[in-house]
Amino acid sequence: MIDFKKHTLDNGLKVILHRDTSTPMLAVNVLYDVGARDEKPEKTGFAHLFEHLMFGGSKNIPNYDKHVQDAGGENNAFTNNNFTNYYINLPKTNLETALCLESDRMLALDFSEKSLEIQRNVVIEEFKQRYLNQPYGDLWLMLRPLAYKTHPYRWATIGKEISHIENATLADVKEFFYKFYAPNNAILSIVGNIDFNDTKKAVQKWFGGIPKRNIPERKIPKEPAQTSLRKLEVQRDVPFDAIYMAFHMCKRTDEKYYASDLLSDILSNGKSSRLYQKLVKEQKLFSEINAYITGDLDEGLFIITGKLIKGIEIEKGETAIWVELKKLKTESISDYEFTKVKNKVESAIIFSEISILNRAMSLAYFELLGDAAAVNLETEKYSQVSKSDISNIAEEILNEFNCSKIYYRAKLF
């Protein structure tokens, strides 16, 4: 159980405080309710670009990283299609350093052509290295627009194409910042050996004077139901053929999410999972195979990926996958398998809560979902899933008409 106190500043900043007396460290986490889904189709990759720009210095603090390091801390950030998250780990005595750093860049990021040019080049190089020059790296650049035709999940966090970042102007990034990076669009969570009253005063001191901004109403089109199979074949300079299958599923806040997650674990969570045992170990069709869910805030994807053993046809591997998917719909799951998967999930949740940073991020994330208190209900919600729930969700989503698949073929030399 994670106990916490929650309040909201007059400017709309949500604040979550959790005390842990066992550590001399603090985790300070700021989550902004903006991700790649909030971008314009002709200007993608901006949320990720801002993850970099936010470390380029602010009005009063030109070198963010130096102050973190001088305070004995470490920091980083990540962006996805749904939100952007920044965090600092540092000794508890330096809480106000972290609050000063985060508040100054929320209030007055230092916009300059030089900073934009530096970070733009960093992002362009990342795009090339991770998505264009890495084996199988361009997968999401193809799979997302294959699976999504309307929703902005149709582009990856890095953006649709390099030109969108290459052509980003100072006016573009300023517009994006003032539209989304605001106290009334953020959640601040602090975890460590804190005094609640002193911490509330410190938060008010550093964030209370930041004016709220007019956050645009989110108007994201709902993705229409898929009614027929979508297929793409590509040939690339990669060592092995691979298959990628994406099925539409529910959003993160749907009760069906938990059955979908357990379904993916039954298929592919460790070497005792079904796909590994049947298709890797027994039939020796794949060198590796995985199933997982995207867990998106809007309707997401259930993904199956597999790299085939050299000489095995993709069509043969796909047929074997469908055989295993059919078994989940028609054959009962054993009590042993069901208990094993639930125990793994419960253990993962418990172990994740050991880290103060994980707790800080989880509290902010569940507040974004609707209520930070829901962080304490996850184990119970997984435990309530029945075997029939898993069979039903398999029947509902693991169908050919709901599938977008890519045959990723290795070039023949």
Side-chain angles (χ1 to χ4, degrees), residues 1-4 18 20 22-23 27 191 245 247 249-283 286 288-297 300-306 321 323-366 369-398:
M1 175 71 71
I2 302 176
D3 296 318
F4 62 90
H18 166 56
D20 182 344
S22 69
T23 175
V191 175
M245 304 165 71
F247 303 85
M249 60 166 284
C250 66
K251 58 187 177 181
R252 179 62 178 82
T253 53
D254 195 302
E255 286 301 314
K256 293 180 181 179
Y257 166 84
Y258 299 95
S260 303
D261 195 19
L262 289 176
L263 170 61
S264 72
D265 285 350
I266 287 174
L267 285 172
S268 172
N269 187 352
K271 293 186 176 181
S272 63
S273 61
R274 291 193 178 194
L275 293 182
Y276 183 89
Q277 283 292 313
K278 293 294 183 181
L279 307 187
V280 176
K281 189 174 181 180
E282 293 181 17
Q283 299 180 41
F286 292 86
E288 61 178 84
I289 190 163
N290 296 288
Y292 59 91
I293 60 177
T294 57
D296 288 307
L297 300 190
L301 296 174
F302 188 108
I303 308 290
I304 296 176
T305 73
I321 290 173
V323 168
E324 295 306 315
L325 299 186
K326 185 177 180 181
K327 289 178 182 177
L328 276 167
K329 303 176 186 180
T330 58
E331 300 177 7
S332 178
I333 302 167
S334 72
D335 290 340
Y336 170 77
E337 183 178 31
F338 191 54
T339 302
K340 178 192 68 175
V341 168
K342 283 193 172 184
N343 286 344
K344 278 190 173 184
V345 169
E346 183 176 354
S347 297
I349 293 173
I350 292 171
F351 281 118
S352 72
E353 292 177 355
I354 293 174
S355 162
I356 60 171
L357 177 58
N358 283 348
R359 272 176 273 161
M361 289 194 291
S362 292
L363 286 166
Y365 175 66
F366 278 94
L369 293 182
D371 185 1
V375 70
N376 293 315
L377 303 177
E378 285 293 272
T379 302
E380 179 184 348
K381 288 186 175 181
Y382 280 107
S383 70
Q384 291 173 348
V385 175
S386 67
K387 289 191 284 187
S388 62
D389 289 333
I390 293 178
S391 299
N392 290 341
I393 206 68
E395 184 69 45
E396 179 181 329
I397 66 176
L398 299 180

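Atom set for the values below is all heavy atoms of this structure, side chains included, hydrogens, waters and symmetry mates excluded. Position 1 is the first residue of the sequence, and the numbers go up from there.
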Can you tell if the side chain of Lys344 reaches within under 4.5 Å of the side chain of Ser272, non-hydrogen atoms only?
yes

Backbone N/O of Ser388 and side chain of Ser391: donor-acceptor pair under 3.5 Å
no

Report yes if the side chains of Glu353 and Glu378 come closer than 4.5 Å at any heavy-atom pair, otherwise no.
no

From Asn358 atom CG to Ile349 atom CD1, the distance as rounded to the nearest 0.5 Å:
12.0 Å

Distance-only polar pair, side chains of Tyr258 and Asp389, donor-acceptor under 3.5 Å:
no

Give me the atom names and distance for the closest heavy-atom approach of Cys250 to Ser260.
SG-OG, 4.3 Å

Look at atom NZ of Lys326 and say whether more than 12 heavy atoms of other residues, nucleotides or ligands are closer to it than 6.0 Å.
no

Please answer whether the main-chain N or O of Gly306 pairs with a side-chain N or O of Glu288 as donor and acceptor at a distance below 3.5 Å.
no

Can you find a pair of side-chain heavy atoms, one from Ile2 and one from Val191, that are under 4.5 Å apart?
no

Are any of the side-chain heavy atoms of Glu255 and Lys381 separated by less than 4.5 Å?
yes

Residues forming a salt bridge (Lys or Arg N to Asp or Glu O under 4.0 Å) with Glu395, sequence neighbours excluded
none

So, taking the atom named CG in Leu363 and the one named NE2 in His18, what distance separates them when rounded to the nearest 0.5 Å?
7.0 Å

Could you walk me through whether Leu297 and Leu369 satisfy the side chain to side chain contact (heavy atoms under 4.5 Å, CB included) test, starting with their C-alpha distance in whole Å, then the side-chain angles of each, then the deciding distance to 0.1 Å, before giving a yes or no?
CA-CA 8 Å; Leu297 300 190; Leu369 293 182; 3.2 Å; yes

Answer yes or no: is there a donor N or O on one side and an acceptor on the other, between the side chain of Thr294 and the main chain of Leu301, under 3.5 Å?
yes

Decide yes or no on side chain to side chain contact (heavy atoms under 4.5 Å, CB included) for Glu324 and Leu328, but give the supporting numbers first.
CA-CA 7 Å; Glu324 295 306 315; Leu328 276 167; over 6 Å; no

Enter the distance from Asn376:CG to Met1:CE here, rounded to the nearest 0.5 Å.
4.5 Å

Minimum heavy-atom distance Ile304-Ala291, with the two atoms named:
CG1-CB, 4.1 Å

Validation row: Ile397, Lys256 side chains within 4.5 angstrom (heavy atoms)
no

Side chain to side chain, Phe286 and Thr305, heavy atoms closer than 4.5 Å:
no

Where the side chain of Asp261 meets the backbone of Tyr257, is there a donor-acceptor pair that is under 3.5 Å apart?
no

Smallest heavy-atom separation, Ala373 atom then Phe4 atom, equals N-CZ, 3.5 Å

Note, Asp335 side chain near Lys387 side chain (heavy atom, < 4.5 Å)
yes

Can Glu282 and Arg274 be counted as an ion pair, charged N to O under 4.0 angstrom?
no

Measuring only between side-chain heavy atoms, which start at C-beta, is Tyr382 closer than 4.5 Å to Asp265?
no

Measuring from Ile293:CD1 to Arg252:CZ, what's the distance to the nearest 0.5 Å?
7.5 Å

Measure the spacing between CG of Asn269 and CG of Leu275 and express it to the nearest 0.5 Å.
11.5 Å

Please test Ile393 against Phe302 for side chain to side chain contact (heavy atoms under 4.5 Å, CB included), starting from the C-alpha separation and ending with a verdict.
CA-CA 11 Å; Ile393 206 68; Phe302 188 108; over 6 Å; no

All heavy atoms of Gly295 vs all of Tyr365, minimum pair found to be O-OH, 4.0 Å

For Ile266 against Glu337, the heavy-atom pair lying closest together
CG2-OE2, 3.4 Å

Considering all heavy atoms of both residues, which atom of Lys342 and which atom of Val385 are nearest to each other, and what is their separation?
NZ-O, 2.6 Å

Determine, stepwise, if the pair Ile333 / Val341 fulfils side chain to side chain contact (heavy atoms under 4.5 Å, CB included).
CA-CA 11 Å; Ile333 302 167; Val341 168; over 6 Å; no

Can any side-chain N or O of Lys329 pair as donor or acceptor with the backbone N or O of Leu398 at less than 3.5 Å?
yes

To the nearest 0.5 Å, what is the distance between CG (Leu263) and CZ (Phe247)?
10.0 Å

Are any side-chain N or O atoms of Ser273 and backbone N or O atoms of Gly270, one a donor and one an acceptor, separated by less than 3.5 Å?
yes

